[in-house]
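Below you'll find the structure, written out as structure tokens, and then a few comments.
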Amino acid sequence: MPSLAAAFPGADPRAYSPKSRSRTSHCYGLCVIIRPVGKLLDTKQNQSYALCLEDRLSGNLLNTKEKPRKTVGNQMASLLSALYDRAQTTFTLADAVEITGLRPALASSLLHKAAQRGLVSHLKRGVFVLVPPELGSATDYSGNPYLVARRLAGDAPNFISHASAMEIHRMVTQPQFVIFTSSTKRIPNRTLEGTEFRFVLIKPNHFFGTTKHWVTKQESVEISDLERTVIDGLRQPEYCGGVTEVAKALWMRRQDMQPSKLVDYALRLGVGAVTRRLGYLLELSGIAPEVELARLRRVLTLTYLPLDPVLPREGPHVARWRLQLNISPEELEGVRTT
């Protein structure tokens, strides 16, 4: 190990003493995660002082007693380096076992200590997220919400849907604070660091109409495509802010919508309420040709359903689409100018 004088000319000699070279007293090492290679940083967890030219002028002592130290041992440094190389911000205990070669119990202990130091944050049993170094001493961090939702779903097929997909597709003008994920497996809802993760159960044969969305250069999630997002919104308007918001989304992205695909998806889903609502909105907005509207009308039954199930069942009936209009056409047309 080079002397302090050689590494940091003019530094206060109290920061390093030849008498303290043993492993049990002071331990100086290279930190490759937070600082560029070559900067000396104290990596002993209970040591009070660290010397870093990035943060202090030469010779000044940086006292870190007041806040938790994000210290890194050799095994954790190797794990973090491998995860950063993969651009993998969320990971599992199995990933840590694979990278470090440790037994599961030892890898779990390593991650538990890393969480205490604020290097990683625990999402759920066996699932973790890297805490970005730029957060400083912060230890509470949940990571990218879409990647977190994917991890919370585990091995179950899933895709980002409803209002969350609308936000990704730029179909809304207001920020969303709930992450909706559709999955073929029943998954409990969770709230992590103020973000609510809500999971919508779907049948396996209803898993269609998805596309890949790249969150980082290496990590992606499945999301509903434009047309499927509209269909999900019409099936469960309460997860999208109501039918008015879905109508607004449909109009905002009308140039990119494929009317035939919308009709295909509605018929494949086989939900009468969706068929009625879609047909009415397509006709009202003039987006779809008559041939596509006729495909929807052919499967209608005699039952009348509300245009928006969230609102009271009141208003006139439209026989053409077997709908009760509890939202006026004027209100729906008004969203085009907002």
Side-chain angles (χ1 to χ4, degrees), residues 159-167 169 171-174 176-184 186-187 189 196-203 205-209 224 226-253 257 259 262-285 287-288 293 295-336 338:
F159 60 90
I160 304 299
S161 61
H162 298 86
S164 300
M166 289 171 66
E167 183 173 38
H169 288 304
M171 303 168 80
V172 294
T173 56
Q174 300 295 327
Q176 305 298 307
F177 301 102
V178 178
I179 304 301
F180 287 96
T181 304
S182 292
S183 175
T184 57
R186 192 178 299 278
I187 303 171
N189 298 331
E196 182 181 354
F197 295 86
R198 192 173 299 179
F199 294 89
V200 182
L201 181 65
I202 63 172
K203 297 177 180 178
N205 62 325
H206 287 172
F207 196 105
F208 63 86
S224 55
L226 276 175
E227 291 79 10
R228 178 58 191 266
T229 301
V230 171
I231 296 300
D232 284 337
L234 294 177
R235 185 181 187 184
Q236 295 156 314
E238 64 272 22
Y239 296 155
C240 300
V243 167
T244 301
E245 288 299 315
V246 180
K248 182 178 180 179
L250 177 62
W251 181 256
M252 288 176 65
R253 299 301 306 272
M257 291 285 177
L262 282 167
V263 174
D264 287 342
Y265 283 1
L267 296 177
R268 183 174 177 179
L269 198 67
V271 177
V274 172
T275 304
R276 289 162 168 78
R277 293 164 189 159
L278 177 63
Y280 178 75
L281 292 180
L282 288 177
E283 185 175 60
L284 183 67
S285 60
I287 294 176
L293 299 177
R295 292 174 61 199
L296 293 172
R297 280 197 297 270
R298 279 197 293 267
V299 299
L300 295 180
T301 63
L302 298 177
T303 306
Y304 280 81
L305 296 174
L307 177 57
D308 193 331
V310 179
L311 301 176
R313 297 193 65 160
E314 57 187 20
H317 293 74
V318 177
R320 183 177 177 83
W321 293 107
R322 298 293 191 273
L323 275 175
Q324 183 176 19
L325 301 185
N326 52 358
I327 304 176
S328 70
E330 293 75 21
E331 182 178 348
L332 292 173
E333 291 174 338
V335 302
R336 303 176 189 177
T338 58

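Heavy atoms only: backbone and side chains are in, while hydrogens, waters and symmetry mates are out.
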Quick one: does any side-chain atom of [X] pair with a main-chain N or O of [Y] as donor and acceptor, under 3.5 Å?
X: Arg228; Y: Phe208; answer: yes
X: Arg276; Y: Arg322; answer: yes
X: His169; Y: Ala249; answer: no
X: Gln236; Y: Leu234; answer: no
X: Ser164; Y: Val178; answer: yes
X: Asp308; Y: Gly242; answer: no
X: Arg277; Y: Val274; answer: no
X: Asn326; Y: Gly315; answer: no

Would you compute the distance between atom [atom1] of [X] and atom [atom2] of [Y] and round it to the nearest 0.5 angstrom?
X: Gln176; Y: Cys240; atom1: CD; atom2: SG; value: 8.5 Å
X: Ile327; Y: Tyr280; atom1: CD1; atom2: OH; value: 9.0 Å
X: Leu269; Y: Asn205; atom1: CG; atom2: CG; value: 8.5 Å
X: Leu311; Y: Thr244; atom1: CG; atom2: OG1; value: 7.0 Å
X: Ile179; Y: Arg198; atom1: CD1; atom2: CZ; value: 11.0 Å
X: Ile231; Y: Tyr265; atom1: CD1; atom2: OH; value: 9.0 Å

For a quick test of reading the model, state the closest non-hydrogen atom pair linking [X] to [Y] and the distance between them.
X: Phe199; Y: Asn189; value: N-OD1, 2.9 Å
X: Thr181; Y: Ser161; value: C-OG, 3.8 Å
X: Tyr304; Y: His317; value: CD2-CD2, 3.5 Å
X: Arg297; Y: Glu283; value: NH1-OE2, 4.1 Å

### Task
Indicate whether any N or O donor in one side chain lies under 3.5 Å from an N or O acceptor in the other, for Ser224 and Thr229.
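The criterion, which ignores hydrogens and geometry beyond distance, is satisfied for Thr229 and Ser224.
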### Message
Checking side chain to side chain contact (heavy atoms under 4.5 Å, CB included) between Trp321 and each of Leu293, Leu307, Leu305, Leu281, which is the one that passes?
### Response
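The residue from Leu293, Leu307, Leu305, Leu281 that satisfies side chain to side chain contact (heavy atoms under 4.5 Å, CB included) with Trp321 turns out to be Leu293.
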### Candidate list Met252, Lys248, Met166, test side chain to side chain contact (heavy atoms under 4.5 Å, CB included), partner Val172, passing option
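Of Met252, Lys248, Met166, side chain to side chain contact (heavy atoms under 4.5 Å, CB included) with Val172 is met by Met166 alone.
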### Task
Could you name each residue pair satisfying ring pair (Phe, Tyr, Trp, His ring centres under 6.0 Å) that touches residues 229-253, not counting sequence neighbours?
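Sorted result for residues 229-253: His162-Tyr239, Phe180-Tyr239.
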### Residues in salt bridge (charged side-chain N to carboxylate O under 4.0 Å, His left out) contact with Arg295, at least two apart in sequence or another chain
Asp264, Glu292
